[in-house]
Structure formats: C-alpha cells, structure tokens
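Reviewing the structure listed below.
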2 protein chains.
Amino acid sequence: MESPSEPSWDFYRTFLAVLQHGSLSAAARDLGLTQPTVGRHIDALEKAVGAELFTRSQQGLLPTDAALALKPYAETLANTAAALLRAASGSKDKVSGTVRISASEVIGTEVLPAILAELQAKYPDLIVELSASDTVEDLLQREADIAVRMVAPAQEALLSRHIGTITLGLFAHRSYIERHGKPETREALRRHKLIGFDRQTAYIRMMRKRYSMLDGVSFSFRSDHSIALHNALRAGIGIGFYQMPLARRDASLVHLLPEIELSLDTWVVMHENLKTSPRCRVTFDALVAGLLTYIKGNNAEEPS
Amino acid sequence: MESPSEPSWDFYRTFLAVLQHGSLSAAARDLGLTQPTVGRHIDALEKAVGAELFTRSQQGLLPTDAALALKPYAETLANTAAALLRAASGSKDKVSGTVRISASEVIGTEVLPAILAELQAKYPDLIVELSASDTVEDLLQREADIAVRMVAPAQEALLSRHIGTITLGLFAHRSYIERHGKPETREALRRHKLIGFDRQTAYIRMMRKRYSMLDGVSFSFRSDHSIALHNALRAGIGIGFYQMPLARRDASLVHLLPEIELSLDTWVVMHENLKTSPRCRVTFDALVAGLLTYIKGNNAEEPS
DNA sequence: CAGATGATATACGTAAATGTATGGAATCAC
DNA sequence: GTGATTCCATACATTTACGTATATCATCTG
C-alpha cells in the first residue's frame with residue numbers, strides 16, 4: 001500500500017525533539033540516544049518525506065518551513081503516545097496510574113493542591129500530573145485527561161460538569177491601603193496603581209471582555225503571569241482582581257468597591273472515553289466536589 | 001524523565017496492526033515485517049505497559065480489555081502519522097501530493113468523481129484519497145483533510161464554507177410505476193413498496209429526524225448502505241428519497257408527490273492549518289465550486 | 001481420516017541500527 | 001588571543017533487532 005515503506009514512527013519522536021531543543025545533541029540527551037543516531041534519524045526522515053527539514057549549522061539546526069508545518073502533527077503524536085501510556089498505567093479495577101489535569105494558573109496553584117492532596121491521601125497509588133497554565137490544553141488531542149475550564153465546553157465527546165461561578169472582586173493588601181489610602185468611588189481608582197494583564201492569550205482575551213467595565217483604566221503593573229499578579233498584589237504593589245474565595249483566606253487583603261464584581265463560570269471537563277477508567281472517574285469527582293466547596297466561599301460576603 | 005525509557009513508537013503501529021488483523025502473521029504481512037518480529041514487538045509493548053494485551057492462541061490473538069482500551073489511542077496515532085505524511089507530500093508551492101477527502105456515500109460516489117476528475121486534469125500531480133462513508137470522519141483527529149458535511153461544523157479550528165441545501169424528493173423508476181401505478185396522495189404511499197435506511201449510524205440518525213414526517217410508513221426494503229438503496233430504487237424495487245440534482249440526470253426516474261421534500265444543508269470543511277497548503281486550498285475551492293453548480297440543479301423543477 | 005493451510009513459538013545467522021571515538025568549526029569567556 | 005564549550009560530521013566497533021528456517025498445534029477440506 002505504501003510506496004517504499006512508511007518511515008519509522010520513532011523518527012517523528014526524534015524529529016519533534018530536535019524541533020523542541022534546536023540541536024541534534026540536545027535532542028539526543030533528552031531522548032537518551034546519541035547525537036549520531038539522532039542525526040541519522042533526521043536524515044532518514046528527510047529522505048522519506050523528500051524535503052529538507054533543517055538547515056544544518058554548527059550552532060544548531062534551524063527548522064525549515066516544511067519542518068514547522070509538520071510540527072503540530074508531531075506534537076499530536078507525542079500527546080497521544082503519552083496519553084496511551086497514561087491510559088495503560090495502573091490496573092483496570094484499582095485506582096492507580098497517572099492522570100493528567102489541566103487548569104488555569106490561579107486554580108492550579110492556589111486551589112487544586114489542597115484538593116489533590118486529599119485525593120492522593122485516599123488513593124496512594126494515584127499519580128497526578130498537573131498542568132497549571134493559562135493556555136487552554138485540548139482534551140480532544142489528549143493533552144490532558146481532565147480540565148478545569150472557564151469557558152463552556154463546546155465540543156461533543158466531552159463529559160462536563162458545571163460547577164458554578166467564581167466571583168472576583170477588587171482587592172489590595174493592607175500595606176498598600178495604609179500608604180495610598182482607600183478608594184471609595186470608581187473615579188478614585190484612576191489615581192491608584194492597578195495591576196492587570198499584559199499579553200493576550202485566548203484565556204486572557206476572555207478575561208478582558210469581562211473587565212470591559214474598566215476599559216479607561218490603565219494598569220501600572222502588567223504581567224501575563226497570573227501568579228506574578230497575585231504576588232504583586234499581596235506585596236502591596238497595587239489594586240487588582242482576586243478570587244473571592246481565595247481572598248477570604250488572607251485577612252491582610254482588603255476588599256474595595258464591593259459593587260465591582262466579575263464572575264468566572266466554571267466547568268470540570270473530561271474525555272468521554274475516560275469515564276470507565278477508575279482513576280479518572282475518581283479524580284473527576286474529587287475535583288467537582290472540591291471546587292464546589294471552594295466556590296461556596298463566594299456567598300459569604302466579607303466585611304471591609 | 002521517563003522511568004525506564006519510553007517504548008518505541010513503532011510498537012504502537014505494530015500493536016494496531018495486530019488489533020486490526022487479529023493475528024501476528026496477518027499483521028506482519030500488512031506491515032512488511034515477519035511474524036517473529038511482530039511477536040517481539042507485542043511482547044516488548046506488554047512488558048513496557050505492564051499488562052497483557054492479547055491472549056495467545058493458535059488460531060490468532062484475542063485482545064484483552066486493556067488492549068481494547070488502548071485501541072482509540074493507537075488509531076489516533078495512525079491517523080496523525082498518515083496526515084503528517086500527507087502534509088509533507090508535495091512541494092510547498094506547486095499543487096502536488098496527497099489530499100484526503102471525506103464525504104457521504106451518495107455525494108462521494110455520485111457527485112465528487114466528476115468534480116475531482118476535472119481537478120486532477122488541471123493538476124496532474126495531485127493525488128486524491130476519497131473516503132465515501134456515512135460515518136463522520138473527524139477532521140480534528142486528522143482522519144481526513146477536507147470533508148463534505150451535512151451537519152453544521154460546531155468545532156472551532158475548522159475552516160468551513162456553506163454551500164446551500166440539497167433538496168431530496170420521492171422518486172421511483174419508470175418500470176416500478178408501470179407495474180404498481182403512481183401514488184397521487186400521501187395515503188396511497190402506504191400501499192407501495194418503500195426503500196429506506198436500516199442501521200442507525202450518527203449520520204443516518206440525523207437523516208431520520210428529517211424523515212419524521214413519514215414516521216408511520218414502514219420500509220419494505222432496508223439497507224444501511226446508501227448505494228444499495230440507490231441501486232434498488234433504480235432497479236425498480238420501490239419508492240425512495242433521491243437527491244433532486246441526481247434525479248435530473250436520469251430520465252427514467254419519476255418524481256412523485258412533489259410536495260414532499262427534504263433538504264440537506266451542506267458544508268465543505270477543512271482544518272484551519274491546511275489553508276496555507278496549495279493542494280488543500282485548491283481542492284477546497286474546487287469542491288465548493290463543484291458542489292455549488294451541483295446544487296443549482298435543485299432550482300429547476302422537473303416535470304413529472 | 002489424511003493432507004493442506006495457517007497459526008504461534010523457538011533457534012540461529014545476518015544485516016541494520018546504535019554507540020564510541022575523533023576531528024573540525026563556531027561561539028563564548030576571560 | 002587562548003582555552004573551554006558546544007555544535008555537527010565522519011569512521012569504526014558492537015550490540016541490537018530482524019529475517020530465515022523449523023517445530024508444533026489447531027482447523028478446515030476433500
């Protein structure tokens with residue numbers, strides 16, 4: 001069926017490693033191979049697809065357009081291979097093996113650890129991989145098994161559970177208020193230091209839409225890193241949005257202008273095929289339960 | 001990073017072949033390997049994932065539950081690898097290489113060949129793979145590059161072009177009318193032989209919804225194969241739905257009860273990443289243009 | 001019931017893929 | 001500028017993986 005015989009699938013793995021590391025040697029180190037072997041793999045793949053994939057130089061390999069065009073396919077292969085191994089890990093009946101979770105930076109770093117700690121205490125053989133990033137990972141491409149999402153799951157073949165809305169309010173650290181005073185009106189905000197987003201990822205663009213009420217306001221501290229923003233706020237650099245349930249845990253944070261409120265609708269999503277897997281099922285349920293109790297903190301209003 | 005080193009990706013290919021063919025020997029023939037090699041691959045993979053994948057017997061290998069659970073992953077790998085090779089085929093500027101098209105059986109067998117013949121006459125280096133099936137192939141999983149769909153494309157990351165609606169009417173072959181007479185009312189239909197669908201695939205389920213107006217009617221000839229239905233109708237077995245533009249080509253088909261009409265909304269869909277590929281671009285445009293002229297046949301009503 | 005066919009498993013020689021070692025060229029540090 | 005580092009390329013040795021051949025068993029065929 002194939003004309004001269006399909007190239008080895010291992011070549012794709014090597015190809016991706018070279019693409020990611022930028023050199024034969026670095027790729028070889030990562031793969032546990034040697035540099036000549038990696039070079040041979042690339043040679044063979046180039047001959048198989050009939051195109052130059054890299055322009056060789058002594059400080060590394062520069063990918064050609066053809067190589068960049070193939071990159072997403074190679075990434076899908078890697079994701080799928082990893083997902084296959086995850087699916088194979090652990091036994092069919094017991095809760096064991098690896099499950100990979102994707103969540104936003106804030107949720108992943110501030111909220112999930114406690115939930116997952118409890119889960120792992122209950123199931124000692126369960127291995128959790130947590131990807132805390134504001135770039136949405138694709139469940140259909142098996143980049144993760146379970147995701148906590150702030151956007152409604154549009155795709156079919158995904159099993160999703162609606163959690164509710166996480167409310168965000170304006171907060172500042174006590175030390176900031178002591179130094180700069182407390183803004184009592186929306187207009188007063190313009191005279192304060194505001195903390196906000198920098199780069200535009202898909203996730204942040206969605207956030208910005210909800211922030212539109214403050215369009216005129218300019219941020220004096222920007223970062224595309226949610227955690228950096230959180231730390232800046234807690235360090236007293238300025239005023240920014242903060243998840244209410246999180247703020248309730250930290251008495252040194254002051255709630256400002258309580259009438260300003262944003263809400264993030266939240267879902268837990270899993271690939272349908274995984275619902276028969278005990279470890280995924282159990283993790284899914286734990287995330288749903290944990291996030292529900294987390295959200296409960298929204299209802300109790302904090303006195304300023 | 002990996003504990004003892006990831007298994008070779010080639011093992012997954014071998015694994016899938018064994019799963020599909022049901023024996024080491026058959027898989028070996030398909031892959032261009034030998035039976036001992038395939039056996040070693042399976043052994044190695046079983047050891048790597050730590051689970052039995054097949055129960056060996058002398059008349060073949062029976063997949064275990066674990067193997068079946070891994071099958072979809074292996075299939076995705078195969079699809080992606082094939083898509084990568086397709087993407088790599090041909091040069092960047094010229095229209096050459098392979099493009100894989102998915103369409104329904106009727107469209108794929110009756111309509112597309114003419115369109116694609118013209119396309120290939122224009123671009124002799126273009127290789128077309130046509131999958132004519134009523135099971136929807138997933139573009140996100142790279143099972144095909146371009147698809148002709150009868151459902152609105154919900155998923156993002158897909159570039160789609162709306163074609164319009166294909167109208168279907170009730171038809172019978174002239175020979176059938178001569179033998180059984182021509183039904184003039186909807187009630188009269190109950191005394192006639194009707195041709196319709198059998199099994200329920202996702203595609204057919206969607207069709208059935210549109211057929212609901214005829215729910216009470218029972219089909220006297222059923223098949224899950226659209227082409228078989230077409231041929232049965234043309235052979236004078238009975239009355240069935242037929243795409244109007246197709247019926248206009250065959251003078252021996254008689255249009256019955258013209259007030260009964262169904263419509264299939266039609267799209268041409270392609271993965272967004274492929275829009276820079278000349279061969280996909282050109283094929284996409286040709287399909288859009290060809291289907292638009294095909295649909296034009298709807299407007300001119302045929303005298304019964 | 002005998003023979004053909006097709007399946008897995010094992011033994012063994014060979015070819016292919018990998019690793020080791022070395023050379024040469026570019027970049028960086030001091 | 002000189003030494004250290006990092007990279008790719010090449011030559012050579014070795015291990016690994018593959019194919020061939022064969023044995024054995026089950027099933028289908030006449």
Side-chain angles (χ1 to χ4, degrees), chain A residues 1-49 51-64 66-68 71 74 77 81, chain B residues 1-49 51-64 66-68 70 74 77 81:
Chain A
M1 207 155 274
E2 315 300 332
S3 10
S5 88
E6 212 185 340
S8 164
W9 285 8
D10 284 334
F11 293 170
Y12 302 141
R13 170 167 56 183
T14 306
F15 166 68
L16 182 61
V18 173
L19 218 41
Q20 287 171 333
H21 292 94
S23 83
L24 299 181
S25 314
R29 280 192 295 272
D30 182 57
L31 293 168
L33 299 174
T34 58
Q35 168 256 320
T37 301
V38 173
R40 282 188 286 255
H41 281 188
I42 298 300
D43 287 342
L45 187 58
E46 282 182 330
K47 227 171 61 182
V49 306
E52 290 259 313
L53 294 174
F54 297 94
T55 56
R56 263 91 160 170
S57 82
Q58 274 143 351
Q59 63 256 37
L61 272 73
L62 197 78
T64 64
L68 292 175
K71 192 180 181 190
L77 286 174
Chain B
M1 205 154 274
E2 313 302 333
S3 10
S5 87
E6 210 185 342
S8 164
W9 286 7
D10 285 334
F11 294 169
Y12 302 141
R13 170 167 55 185
T14 306
F15 166 68
L16 182 61
V18 173
L19 219 40
Q20 287 171 334
H21 293 95
S23 84
L24 299 181
S25 313
R29 279 192 295 273
D30 182 56
L31 293 168
L33 299 174
T34 57
Q35 169 256 321
T37 301
V38 172
R40 281 188 286 256
H41 282 190
I42 298 300
D43 286 343
L45 187 58
E46 282 182 332
K47 226 170 61 183
V49 306
E52 290 258 313
L53 295 174
F54 298 94
T55 56
R56 263 91 160 170
S57 80
Q58 274 143 350
Q59 62 257 38
L61 272 73
L62 198 77
T64 64
L68 293 175
L70 301 184
L77 285 174

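Every chain is numbered from 1 and lettered A, B, ... according to where its sequence line falls, protein lines coming before strand lines. As a basis for the values below, the full set of heavy atoms in this structure was taken, side chains included, without hydrogen atoms, waters or symmetry mates.
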Just the rounded figure in Å: distance from [atom2] of [N] to [atom1] of [X].
X: B:Leu61; N: D:dC25; atom1: CG; atom2: C1'; answer: 15 Å
X: A:Asp10; N: D:dT16; atom1: CG; atom2: P; answer: 16 Å
X: B:Asp43; N: C:dA9; atom1: CG; atom2: P; answer: 7 Å

### side chain to side chain donor-acceptor pair (under 3.5 Å) partners for B:Gln35, two or more places apart
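B:Gln35 satisfies side chain to side chain donor-acceptor pair (under 3.5 Å) with no residue once adjacent residues are dropped.
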#### Entry: Set of side chain to side chain donor-acceptor pair (under 3.5 Å) partners for B:Thr34, sequence neighbours left out
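B:Thr37.
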#### Entry: Criterion side chain to side chain contact (heavy atoms under 4.5 Å, CB included) on A:Phe54 and A:Val18, from CA distance to verdict
CA-CA 9 Å; A:Phe54 297 94; A:Val18 173; 3.6 Å; yes
### Query
Heavy-atom contacts under 4.0 Å between residues 17-27 of chain B and DNA chain C, which residues?
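Residues of residues 17-27 of chain B under 4.0 Å from DNA chain C: B:Ser23, B:Leu24, B:Ser25.
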### Selection residues 13-23 of chain A - residue pairs positive for side chain to side chain donor-acceptor pair (under 3.5 Å), sequence neighbours left out
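Qualifying pairs: A:Asp10-A:Arg13, A:Arg13-B:Glu6, A:Thr14-A:His41.
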### Task
For A:Arg29, enumerate each residue passing the side chain to side chain contact (heavy atoms under 4.5 Å, CB included) test, keeping only those at least two apart in sequence or located in another chain.
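A:Arg29 satisfies side chain to side chain contact (heavy atoms under 4.5 Å, CB included) with A:Ser25, A:Ala26 once adjacent residues are dropped.
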### Message
If the condition is side chain to side chain contact (heavy atoms under 4.5 Å, CB included), which residues does B:Ala67 pass it with, not counting sequence neighbours?
### Response
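Residues passing side chain to side chain contact (heavy atoms under 4.5 Å, CB included) with B:Ala67: B:Phe15, B:Leu19, B:Leu53, B:Pro63, B:Thr64.
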### Query
Closer than 4.0 Å, any side-chain N/O of A:Arg29 to the OP1 or OP2 of D:dC7?
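Yes.
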### Query
How does protein contact run along nucleotides 15-25 of chain C, one letter per nucleotide 5' to 3', with B for base contact, S for sugar-phosphate only, - for none, heavy atoms under 4.0 Å?
---BBBB---S
### Worked check of side chain to side chain contact (heavy atoms under 4.5 Å, CB included) between B:Leu61 and B:Thr55
CA-CA 6 Å; B:Leu61 272 73; B:Thr55 56; over 6 Å; no
### Query
So what is the end-to-end bend of the helix from C:dC1-D:dG30 to C:dC30-D:dG1, with 5 pairs used at each end and the value given to 10 degrees?
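One end's axis against the other's: 30°.
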### Task
Return the minimal non-hydrogen interatomic distance between B:Ala81 and A:Leu77, and the atom names on each side.
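Heavy atoms of B:Ala81 and A:Leu77 come nearest at N-CD2, 3.9 Å.
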#### Entry: Approximate separation, where rounding is to 0.5 Å, of B:Tyr12 OH and B:Leu45 CG
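CG of B:Leu45 is found 6.5 Å from OH of B:Tyr12.
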### Query
Restricting to pairs with a member in residues 52-62 of chain B, which pass salt bridge (Lys or Arg N to Asp or Glu O under 4.0 Å), not counting sequence neighbours?
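Found B:Asp43-B:Arg56, B:Glu46-B:Arg56.
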